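A quick write-up on the structure given underneath.
Note that this is a predicted model, so its numbers are computed, not measured. Throughout, a chain's letter reflects where its sequence line sits, starting with A, and its residues are numbered from 1.
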Amino acid sequence: MFAIVDCNNFYASCERLFRPELEGQPIVVLSNNDGCVIARSNEAKALGIPMGAPEFKFRQEMKQKGIHVFSSNYPLYGDLSARVMSVLEYLSPNIEIYSIDEAFADMRGFNHFDLNTHGLEVREKILKWIGMPVSIGFGSTKTLSKIANRVAKKTPKSGGVFVFDSQQQIDNVLKKIAIGDVWGIGRKWSMSLQHCGIHSAYDLAQADSTWIRRKYSVVMQRTQRELNGENCISIEELPEKKQLLVSRSFKNKITNYQLLRSLISGYVARACEKLRKQHSVASSIQVFIRTSPFNDSPKYSNAGTVSLNQYSADTATFIKMATYILENIYKDGYEYQKGGIMILDIIPDSKQQLCLFQPEKYDSNARQRMKLMDHVNNKYGRQTLRLGSESKKRWYMNQNLLSPKYTTSWNDILRVK
DNA sequence: TCTGGGGTCCTAGGACCC
DNA sequence: TCTGGGGTCCTAGGACCC
């Protein structure tokens, strides 16, 4: 048995938490750079604001309809997420944090529990202690628990919790779930399946398995098996990242190499922080830059990768590599709209193969420096210590509608009269 | 004027090896 | 005239997720 806990309209709920007067009001949260809508409260959904809507196209409409619009505030969301996750130990000892607002729980061994009651209790705790509304679904596979979660969310009388218990009940629900709403079936596959007469989750469960495998892939076949109660996707506790990506769209188009370089350096620094935080090292880095795909100005996009013959997590080393790549792919005369870096070939620090001619893990001086830098930055805030090549402002983004960092910044703490 | 960011897994095809 | 069989590794691209 699995459970999935999913925060309702997470980002919108976070913004509402410190602005209780917004309860019942429509809210949307914008992507980085205030580009497009990435989260909506139920009220905003009801007013017809689509997911992914470009902000500038809907600005008038949102204003007119009295929708409260926020820039995304990741320090706030990250902190509230961590608080919600910490309460989940009351649900099960074995939790997999699946995304910022979702976690799976391994419910094996809970056979003698009344899962519905148990779920309702945990839901109540999270609501009371954190103020975050969540939905919880229980099913015999991850895919079925996702569907149970959907039922919990859409059925008010469920109280936010739904448990699949009989096959009859599963069949009845699956018949009502549109194929595109199944976890693992996206837009492309959904269209194709419907073309073949498969319209509901039930249809997919009943379809010929070898045909699914042949026409699509093992991936979809797995989803089908999961719908039929066969466990194919297991719980993984905090899997380490195999690649790390940091990329941003720029506030204004960039035509200046120096600025681009300093931003790219900042991205590298951020990625290396993440790398060290998960106690890993890596040997390759990729840098990419591109012009806007949306306008008529000349298009250019390029990327380059370099590898080291040694593993490292040293920011300076990776910045050097990134700069080398950038020098090679940068071309004058274009208006760059986006750039990013990817750290590849990541392995746990403890498992690295030492080099025959350099029988030391990455340079111990560098290691010391990074340790110090992380320590200072954890204590006094990001970029308190940074490398000279990094831009002072790491992101170069629009965030015109940003809410305070209520829970992570002393300066932003809520004042109560 | 203005269109997000960060991940995973699988497959096919090419280069290369013996 | 006729030119094998069995592998590995890497990369790019396409699907998916939140």
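Dense packing is recorded around NZ of A/Lys65, with more than 12 heavy atoms of other residues, nucleotides or ligands lying under 6.0 Å away.
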DNA chain C in dot-bracket form (Watson-Crick or G-U pairs under 3.5 Å, [ ] crossing, | inter-strand) is ....||||||||||||||

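Distance CZ (A/Phe250) to C1' (B/dT1): 18 Å, rounded to an integer number of Å. Per the geometry, CG belonging to A/Asn295 stands 7 Å off P belonging to B/dC2, to the nearest Å. Atom CZ of A/Phe288 is separated from atom C1' of B/dG5 by 9 Å (rounded to the nearest Å). Counting to the nearest Å, the C1' atom of B/dG4 and the CE atom of A/Met397 are 10 Å from each other. Atom CZ in A/Phe10 sits about 21 Å away from atom P in C/dC17, given to the nearest Å. Taking atom CH2 of residue A/Trp183 and atom C1' of nucleotide C/dC16, one finds them 10 Å apart after rounding to whole Å. Per the geometry, CZ belonging to A/Arg59 stands 12 Å off C1' belonging to B/dT3, to the nearest Å. The nearest whole Å value for the distance from the CZ atom in A/Arg248 to the C1' atom in B/dC2 is 18 Å.
Checked against side chain to side chain donor-acceptor pair (under 3.5 Å), A/Ser307 has the following partners two or more places apart in sequence or in another chain: A/Ser284. Take A/Gln25 and apply the side chain to side chain donor-acceptor pair (under 3.5 Å) test, not counting sequence neighbours, and it matches A/His68. Every residue meeting the side-chain contact (heavy atoms from CB on, under 4.5 Å) condition with A/Asp181, not counting sequence neighbours, appears here in chain and number order: A/Arg150, A/Ile177, A/Ala178. For A/Thr317, the side-chain contact (heavy atoms from CB on, under 4.5 Å) partners at least two apart in sequence or on another chain are A/Leu308, A/Ser312, A/Asp314, A/Met321. With sequence neighbours left out, the side-chain contact (heavy atoms from CB on, under 4.5 Å) criterion links A/Lys176 to no other residue. With sequence neighbours excluded, the residues forming a side-chain contact (heavy atoms from CB on, under 4.5 Å) with A/Lys125 are A/Val87, A/Tyr90, A/Trp129, listed by chain and number.
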In B/S/- notation (B base, S sugar-phosphate only, - none; protein heavy atoms under 4.0 Å), nucleotides 7-14 of chain C written 5' to 3' is --------

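Salt bridge annotation for A/Glu273-A/Lys277: absent, with no cationic side-chain nitrogen under 4.0 angstrom from a carboxylate oxygen. Between A/Asp171 and A/Lys175 no salt bridge is recorded (no basic side-chain N to carboxylate O distance below 4.0 Å).
Backbone-only engagement by A/Arg222 is indicated by non-hydrogen atom pairs under 4.0 Å involving sugar-phosphate atoms exclusively. Using a 4.0 Å heavy-atom distance criterion, A/Gln243 is classed as a base contact. Within the 4.0 angstrom heavy-atom criterion, only backbone atoms of the sugar-phosphate kind lie near A/Ile185; the bases stay farther away. Nucleic acid contact for A/Lys142: none, since no nucleic acid atom lies under 4.0 Å from a heavy atom of the residue.
For the OP1/OP2 pair of B/dT3 and a distance below 4.0 Å, the side-chain nitrogens and oxygens of A/Ser292 include no atom meeting the criterion. For A/Lys146 and C/dC18, the shortest distance from a side-chain N or O to OP1 or OP2 is below 4.0 Å. Phosphate contact (OP1/OP2 of B/dT3, side-chain N/O of A/Ser249, threshold under 4.0 Å): absent. For the OP1/OP2 pair of B/dT3 and a distance below 4.0 Å, the side-chain nitrogens and oxygens of A/Lys338 include no atom meeting the criterion.
If you find the closest nucleotide of DNA chain B to A/Arg213 and to A/Glu240, the one lying nearer the 5' end belongs to A/Glu240.
Within a heavy-atom distance below 4.0 Å of DNA chain B, the residues of residues 28-42 of chain A found are A/Ser31, A/Asn32, A/Gly35.
Of the N and O atoms on the side chains of A/Ser403 and A/Asn73, at least one donor lies less than 3.5 Å from an acceptor on the other residue.
Annotation: B/dC17 and C/dG4 have their C1' atoms spaced 14 Å apart (nearest Å).
Residue pairs meeting the ring-ring contact (aromatic ring centres under 6.0 Å, His included) criterion with at least one member in residues 259-282 of chain A, sequence neighbours excluded: A/Tyr267-A/Trp395. Among residue pairs with one or both ends in residues 321-352 of chain A, those qualifying as ring-ring contact (aromatic ring centres under 6.0 Å, His included) are A/Tyr257-A/Tyr330, A/Tyr300-A/Tyr334, A/Tyr330-A/Tyr336; sequence neighbours excluded.
Here A/Phe294 lies parallel enough and close enough to stack on the base of B/dT3, with planes under 30° and ring centres under 5.5 Å apart.
When the nucleotides B/dT3, C/dC18, B/dG5 are ranked by their closest atom to the side chain of A/Tyr98, C/dC18 comes out on top.
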When the side chains of residues 229-239 of chain A are checked against the rest of the protein, which donor-acceptor pairs come out under 3.5 Å, sequence neighbours left out?
residue: A/Asn231; atom: ND2; partner: A/Ser140; partner atom: O; Å: 3.0

